[in-house]
Structure formats: C-alpha cells, structure tokens
Amino acid sequence: MSWKEIAGYALETSRLRGASYADVRVVDDRQRMLLTKNGKVGYASDSESMGLGVRVIAEGRWGFAATQELDRESVQAAAAQAVAIARASARVKEYDVQLAPEAAVQVEWASPVRVDPFSVSIEQNLGLLMQVDAELRATPGVTLAEALLHFRRYEQWFYSSEGSDIHQTRTITGAGCAAYSFGEHELHKRSYPNSFGGQYQTRGYELVEELKLVENARRIGEEAVALHKADQCPEGRFTIILDSSQLGLQIHESIGHPIELDRVLGMEANFAGTSFLTREKLRKLRYGSELVNAVADATEAHGPGLGTFAYDDEGVAAQCTPIITAGQFTGYLTSRETAGAIGAPRSGGTMRADGWHRIPLIRMTNVSVLPGEEPLTLEQLIASTDQGIFMQTNRSWSIDDKRYNFQFGCEIGWEIKNGRLGRMLKNPSYSGITTEFWNSMDAICSRDQWTLWGTPNCGKGQPMQTMGTGHGAAPARFRNVQVGSAYKGN
Amino acid sequence: MLTQERAREIFEIVRRHSTGDGVEAIIAGGRSALTRFANNTIHQNMAEEQYQLSVRVLFGQRTARATSNKLDEESIRRVVQAAENLARVQQPDPDLLPLAAPELATGGPAAPARSFPATSAMTPEERAAAVDKIVAVARRNQLTTAGVVASSHSAECILNSQGLFAWHEQTLAEVSITMLGEDSSGWQKATSPDLTVLDPEMLAEIAARKAMQSAHPRELAPGKYTVILEPAAVLDLMGFMFFDFGGQAILDQRSFLNNRLGTQVFGENITIYDDVYHPLQAGSPFDGEGVCRKRVQLVVRGGVKNLVYARHTAEKMKKSEYAARVGRIEPTGHGLPLPNEMGEAPMHIVMDSGPPSAHRTVEQMIAETERGVLVTRLWYIREVDPYEKILTGMTRDGTFYIEQGRVRHGIRNFRFNESLVRMLNSVEAMSAPVRSSGEESFDMVVPAMKVKDFNFTEVTKF
C-alpha cells in the first residue's frame, strides 16, 4: 500500500465522521549523532521514527491524533479519534476556525545535498572528531573537549482533504566543537563555529568539510585557557560590535519570536508568552534604524537554512515576507488560521511540526537581517570604531515573555580602542529593550560577511516541540548599549 | 498499552538478532493527550500513542545505541544491526563496564503506586469540562485565560542479556493556567500522577486573583530586595544546579562544586535529598541501566555530603583525586542511558525545610516583611556564570510589592541576575515543601522561600 492510500483512509474516515477539513502527514525521521569527549566516544546513536498524524476541523474546532501503526485499521482509528477530539474542543469555543484559502498542489521536492551525510562512514566521522578533540586539548589547561556531528533526514508526505499531495525530503547536517577550561574559581568555554552544538544547515556533509573544524580547534582551546587571565568586562554604556553568530541569536529572540502571530493573538500566553508587537503596530512601529532590513524567507533562494523548505506543514508554499523594511515593522509570521487576523489574503506559510506526533505551529523560517549594501568587512567595522567592545559567541540568553527586555552573555570579548582590538575581556554581557536596541544599530557588514546560522533547538508549544530555525546575520555595530549588568552586584 | 509480556517478546527478538557480547533494550512509551486553551477557547487538542525500542550493544569495551519506533521483526533486526555497526568501529573504552547484573535492579524500597485509573482513562470530554470550569472563572472576573489540561499513561522497561528486567508504569495529569487582564496576569500549575487530587477550579481562582491584584502595575526601581519566591520560582532556580551533583560532572571539572567539595556551600538551613520514593514524587525507581535508585542525601545543613553516580562513574571516582573529598562512593541508580557524555543526575529532588514548627506560610512570610517583592513565577532562566552559578531571568505572571507586612500592589516585571550559591546562603524562611511544577526545570518537592538581597538588575516596561 502506498502512503497516499493509507493517508486516504484517514481522510475518508475524517470526512465520514463529519470533519469539514483534514490533513494527514506521514513522516519518516532518521537521525545519527556522534560525540567525542576527551579522546573517547561520548555518545553514538542512530534513531528512526515513523508515524502518521491526522489533523481535522469538526464543529469549527481542531482535533489531532497520531499513531505509529500504519495499517488501515489504526489509521482509521486515529482519524476517528481526531474528529472526536475536535468535537470535544467545540464544547469550549468562542468562534469557528476559518482557514485562509490555499490552492491544492502535487509536488515532489528534496533539499539539495552534495554529499549524503549518511553515506560517510562512521570510521571517517569518528576519525574527524578525534582529530578535532586532539587539537582542542593540545593547549595545557583545557580540561574538557567535546566535538559533535549530527545528521538528520526528514521525509514527509502531506495530503489534505482539499487535494494537496506533497512529498518533501530535507537533509540536515550539524557540526561543532567546544573546549572548557576550569581554573581555581572560574570555568570558561569556547565553542566553534557556534555555541550549543555548532553550525546547522539544510545541507549535506559538504557543510562539515567547509567548517574546517580541525583547523580552528587549537585556537578555540587556546582562547578557553586565555580567558582566565583576561580582564572582567566593564559595566556601563558602550558601543558594541556583535559577531554574526551572536547577532543571529539576537534576531531569533528579539525579532523572530515577537513576530509570531499566534503569540500576538494570545495563543501561546500560558507558556511561550505573548508579544509586544500588537497588531496596531503593523506598518507603524519604528522597529530599528534605517539600516535594519529583516525578512522571514523559507525559499531556497535565501539559502540552506533550517527554515528552508518547499511547503509548510499546511501545504502552503515557501515565501519571503518583509518583516522590517528600512527600520519600519512590516510583517508577521502567519498560518492559514491566523492570516485573516491581519487582513492577509493568504498564509505566510510558516506552520511546522517537530514530528508526526505533533501539530504544526507557527515557527520561524529563516528570519534574517539583510547585510549592508556598501562593502564593509568586520576589520573595517572595527577600524571605524573609536572605542567599544567586540563580543563573540553566545554564552547565555534570556528575554521576557513579551520579547521586550533581553540580556545576552557572550563567551569572549575584546576591547576596541582607536579602531583596533585591544585586551581580551571575559564574561561580556549586554542588555536592553528590543526596539531601542535595533534603533541603535549604525553599521552592518556586507554580504561577504553574512552567514545563515542554524538554531536547531527552538522550543515552543505544549507539548513542547523543538524546531530548527535559520538566521542570516553579518557583524553589526550598536551604540550606547548597557553592558555588564549580569555581573553587577554579584 | 505496552505490557510486560510484550516487552519480553520484543526483547527476545532483539536477543535473537544480536551478535554482540551483550545487549540491553529500553522499551518505553504510552498514551498522552493534551487540551490547550487560549482566549477562553480550546484552540489545540491532541492525542498520541507511541512506543520506542532503544537497543544498546556491547562488543568488548565498545558500545553504541540505536532507537526505532518500528516494532516488527525486520525493523527490530535493523535497529540491532544499526547499533552494532556504530559500536564495531569504535576504539575500546577502558572505563566501560559489562551490563548491569539482575540483582542491581532490586533491593530498593517499594515505590508508591504511580499509575491511577482515573488519570489513564481521562477523556477529551473530561478535559473540555475542566477547561469549561477554568473559563467560567475567567469570565466571572472579566479576564481571559490560556493553559493546558493534560493526561498521560506511560510505561518504561529495561532488559538486558544478563537477565535484568525492570518495569515502571505511571500516569501523570497536569493543569496549567494563565489568567490575563488588560495589563496584568496570574498563573498556577499543578501536576500529579493522580488526576483526582488536582483542582482546576481552585487553581483558576488563585490565578485570577493574582491577575486582578497585579492590575495597573507600578514601576519599582531595580536593586536588591527581600523576595518571597513561591515554590514554582524556587524549583525553576534550583533546577540549574543538580546536573553538577553527578560524579561525572566533578571528573569533567564542569561542576560548580569542583572546588567546594567538603566546604560549607550553602546556609545551615539548606538540606536536600534525591528521593524517588517520596510520596509527593513521581518517576521510575531505576536508572538508565536498570540499577535501582537509592535515596541520597545531597546537601545536609549547607554542606555537600554526597553525589550521585552511575556504575562506571563510581568506579572512576574511587580511583580519582576526589575520592577522599566526597562521601560514600557507590552506584546510586542515577545514571543516564549509555552511552552518554553527561553521566548522571539527581532528578527527584526533595528539599527538607526543617521541622513544621519552623515553617512559615507565604502569608506569614508576607506579614513578617517590612519591604519586599512577592514572585509567582520566573521565566527564561539561563546560566550566566557556571562557577558562581549566576542565573538570569525574568519575573512573570504576578509580581507584587510588599510593604509593612502587606501586599500593596502589582509591579512591573524585573530581570534578575543572582548567584544561586549566594541565594541559598540568604534564605530567611521557608514553607512546608510541596510538590511543585514550573516550566524551566523538572518537578520537585520544594518550599516557598524568603530570600534577602535578591538582585534585580533591570525593570521592563510592562
């Protein structure tokens, strides 16, 4: 039996039970993770998960049920359960769900992959990680070294009662390393190329080759040890320059989450929170300086981010939505259910679920700040800064439940004096209010300095779902930012 | 539901296809359902049933794991093969031990019953009825509400080729409620294996009262204040330190206790256990290798007395430079499934807040406070400094100003930057410990706390 036939049983059962709409996702999810720690294999695991989720509207409300048993009887039972759940939902409702129209499509799509990561031998992978491990620990004083490879193939078949039939395969590769150094009263960590796992993209093994982990590992170990002798980052108001990975996380927290329309509408109020970006601010709020241009772009043209796909989990095509245009707030992330709330004729195509057993939610695609139009390298940006602090690689991140007050800590910083990097600074942190911060941006580097970072672990929803998002960013400069509050008084 | 008989059948297939020196299987899963509401309306509602087979193989001193939710014979053969392919090409790990012997799975106290029919049988209609009651409270108070009503029934089984068999079955119910006013909010959450002990209406009333009392919040300048942390706020902070209480964290030198073993780390009034058998706790009485969990006294009157250990960590710790500086070194049944880079962690925390005569209710703590801040809940807590355990985060859903023994009014939310070590040296009063549930950490049995000089560094604009 084909997946289409199996899904057909669910769609037919939903219709017979009285659902006005139904969609079915069959997902085959395969992952491999290898991690080395201090010269040994710390973790080695393969996993696969396959199942079917059916989402319906009945009596104007949603119901969802999921099963891993992919036979006719189990799938029909899941569909019947989904309809029963929707009817129970209708006992407490104030309005009926209305879906923005969407044309049915029949599509096959796979994300481009030059080298299938699952085709690379485990010996080769472990050999690479051990080489990275040796370089990380080449510096005396490194007390713990970790190196990681993570591959994922996510294949999905989507069918809807409106006639859509979409088969997508996404291949994701992640890699990174970290060195820790424990001293008398301090524990420092340096990560490459990013913290919390490294860099992730919707690509193949070619990403691992391009990252040059071995070539960078020794420097990372040296910096972890050197931080013990560095001066404490001062407290006060400073000009700061953020590297592109830290700016990527800044975008995630203070642009990506506030533009989720389900949050704005109160649907996430109990857990993920709401948003300061209430609807009357659309096309009226000055979100940032004129240099700030942000998009939510799921198309291949934007790059191989973790938010790149052909169709979302409601069967809506990938799109590019302007979010901030020359500093003005211009767009939200929307779904078929929520698009009408801002008068949009069509969903922005941002609904994704983290597996067959979860419902799709509005999730960031690739929410990116576009690079500057004039050529500007990081070196030139530093050279044009009289005094300030350059901060690199996230260490801690926190923002309130309306996404307004934030604080970030970085792994390492350097003083900037007279256009040159000076002494190393430990424990750099900065804080602020979202719109004030983006309004203080007065320079951003150009396209050649821009990286599309992957955040593989964005949490949202109840039950919690983990999703990958993409964030393009180039190093950028911000004026008059509060620095060092994290250590003030401690 | 998964049964013990089915688990044994699956393991027999695993064993039949295994060519390793040893094989271990974890079979886990169950049914879960969650009804989600917002804007006084049920807006998401789901149910799932799934089971996973996770196989670990050993070839001498090499090991690896593979996992699948496909439970037919051919798929089971393939998952065993996948684990073997990963394990075969590794360098031997001299610290790897043989599989746990069957006797390690037994010998603990009898775990309290944690599977309740009412929770297991909860229907979508019953969840909707609970939501209806919560919404009625919101409407009566001219508020809107958002939250979840959830239930699950799960089973977990570990078997290995040495003959070990460990089984745990549990139900869990959850009610979480946020009440929203125009410029304020209130929150309450409770979980229990037994649905019948949860009272959604009562939780809704408390959340609604907090939302109304915090309306028109005023701004209070950042600074150091005496704070009264309700239990959810206490557990969400404390959860950040327990992964440092494993032997592997010490051996890796990534624990804030590394230079503090044998010293007075916290105040004299801080005593903490890990006790999965406590009547208010939940969870399985064995660890990721099937080893029976022990009750471990982690902190006694402010001093770190013991750590928790997986089997292999205990062996390494005995031979390490730390051996003389920690308490008894033995496998405690806190290991994570192997292979893993983390080792172990205590995750069934019970805090002892002293004799009942010393307890203070939150109301008493407020009455005994000249000037301070009452905190309902904390949000987005992250570690700023791993050695000083400086944490940052925000207050949320009910922050109040206390003056002359009374709650005066709601205040705008604060950002804090506070060292957990310093905080647990500044606890002035505690309530009786209760089962508590937050969003940043696992459930614990902890008291409310009154803490002096809590460090609020910024105030937000709502």
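Quick note on labels: first sequence line is chain A, next is B, and so on, each numbered from 1. Values below: every heavy atom of this structure, side chains too, minus hydrogens, waters and symmetry copies.
- Distance alone, capped at 3.5 Å, places no donor-acceptor pair between the Lys93(A) side chain and the Thr41(B) backbone.
- Inter-residue side-chain proximity for Ile399(A) and Tyr380(B) is flagged as met; some heavy-atom pair is nearer than 4.5 Å.
- Only the backbone of Glu186(A) comes within less than 4.5 Å of a heavy atom in chain B; its side chain stays farther off.
- With values rounded to the nearest 0.5 angstrom, Ile359(A) atom CD1 is found 3.5 Å from Gln44(B) atom CD.
- Comparing Tyr387(B), Phe416(B), Phe256(B) by how many heavy-atom pairs each has under 4.5 Å with chain A, the most go to Tyr387(B).
- For the pair Glu383(B) and Arg395(A), the salt-bridge criterion is not met [side-chain N within less than 4.0 Å of a carboxylate O].
- Side chain of Arg415(B) to main chain of Asn405(A): a donor-acceptor pair is present (N/O by atom type, distance under 3.5 Å, no hydrogens or angles).
- Between Trp379(B) and Ser398(A), the closest heavy-atom pair is O-OG, 4.5 Å.
- Here the side chains of Tyr404(A) and Met394(B) are not in contact, with every heavy-atom distance at 4.5 Å or above.
- Looking at Gln253(B), its side chain never comes within 3.5 Å of a backbone N or O of Thr143(A) through a donor-acceptor pair.
- A 4.5 Å side-chain heavy-atom check between Phe462(B) and Asp401(A) finds at least one atom pair inside the cut-off.
- From Asn413(B), atom CG reaches atom CG of Asp400(A) across 7.0 Å, with rounding to the nearest 0.5 Å.
- Looking at Glu253(A), the atoms closer than 4.5 Å to chain B (heavy atoms on both sides) all sit in the side chain, from C-beta outward.
- Among the candidates Ala64(B), Pro386(B), Gly393(B), the residue making the largest number of heavy-atom pairs closer than 4.5 Å to chain A is Pro386(B).
- Interface residue Leu187(A): backbone and side-chain heavy atoms are both found under 4.5 Å from chain B.
- For the set Ile381(B), Val79(B), Asp397(B), Asp95(B), the count of heavy-atom pairs under 4.5 angstrom toward chain A peaks at Asp95(B).
- Remark: the Thr67(A) side chain and the Glu49(B) side chain contain no N/O donor-acceptor pair separated by less than 3.5 Å.
- A salt bridge links Glu436(A) with Lys461(B): the distance from a Lys NZ or Arg NE/NH1/NH2 to an Asp or Glu carboxylate oxygen falls below 4.0 Å.
- With a 4.5 Å cut-off on non-hydrogen atoms, Arg87(A) does not touch chain B at all.
- Contact of Leu35(A) with chain B is made through the side chain alone, with heavy-atom distances under 4.5 Å.
- Note that CE of Met46(B) is 9.5 Å distant from CD of Gln81(A), once rounded to the nearest 0.5 Å.
- Between Leu34(A) and Leu86(B) there is a side-chain heavy-atom pair separated by less than 4.5 Å.
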TODO: Apply salt bridge (charged side-chain N to carboxylate O under 4.0 Å, His left out) to the pair Arg65(B) and Asp46(A), showing each step before the final yes or no.
DONE: CA-CA 7 Å; Arg65(B) 179 173 294 279; Asp46(A) 267 3; over 6 Å; no
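- Across all non-hydrogen atoms, the minimal contact from Ser396(A) to Arg382(B) is CB-CB, 4.3 Å.
- Nearest approach of Glu341(B) to Glu146(A), heavy atoms of both residues: CG-OE2, 4.1 Å.
- For the atom pair Gln462(A) CD and Arg36(B) CZ, the distance stands at 4.5 Å (nearest 0.5 Å).
- Among all heavy-atom pairs drawn from Leu180(B) and Ala269(A), the shortest one is CD1-CB, 3.8 Å.
- Chain A forms more heavy-atom pairs under 4.5 Å with one residue of Gly223(B), Ala87(B), Ser54(B), Ala38(B) than with any other, namely Ala38(B).
- You'll find the side chain of Glu48(A) reaches within 4.5 Å of the side chain of Ser68(B), heavy atoms only.
- Contact annotation for Asn394(A): neither backbone nor side-chain heavy atoms come within less than 4.5 Å of a heavy atom of chain B.
- Here the side chains of Gln90(B) and Leu126(A) are in contact, with some heavy-atom distance below 4.5 Å.
- With hydrogens and angles disregarded, a donor-acceptor distance shorter than 3.5 Å links the side chain of Arg61(A) to the backbone of Ile42(B).
- Atom NZ of Lys40(A) has more than 12 neighbouring heavy atoms from other residues, nucleotides or ligands inside a 6.0 Å radius.
- Using a 4.5 Å cut-off on side-chain heavy atoms (C-beta onward), Thr457(B) and Tyr487(A) make no contact.
- Heavy atoms of Glu268(A) lying under 4.5 Å from chain B belong to its backbone as well as its side chain.
- Side chains of Asn39(B) and Glu94(A): no donor on one and acceptor on the other come within 3.5 Å.
- Within the 4.5 angstrom heavy-atom criterion, no atom of Leu391(B) approaches chain A.
- Here the CZ-OG distance, from Phe182(A) to Ser255(B), works out to 8.0 Å after rounding to the nearest 0.5 Å.
- Considering every non-hydrogen atom in both Ala88(A) and Pro124(B), the closest pair reads CB-CB, 3.6 Å.
- Neither the backbone nor the side chain of Phe276(A) comes within contact range of chain B, judged by heavy atoms closer than 4.5 Å.
- When the candidates Lys224(B), Arg62(B), Lys189(B) are compared by the number of heavy-atom contacts under 4.5 Å with chain A, Lys224(B) comes out ahead.
- If you take OG1 on Thr392(B) and CH2 on Trp397(A), they are separated by 12.5 Å, rounding to the nearest 0.5 Å.
- Here Val384(B) is the residue among Val384(B), Val459(B), Val55(B) with the most heavy-atom pairs under 4.5 Å with chain A.
- In this structure, the side chains of Lys402(A) and Thr460(B) stay at 4.5 Å or more apart for every pair of heavy atoms.
- Taking each heavy atom of Ile85(A) and Ala47(B) in turn, the nearest pair found is CD1-CB, 3.5 Å.
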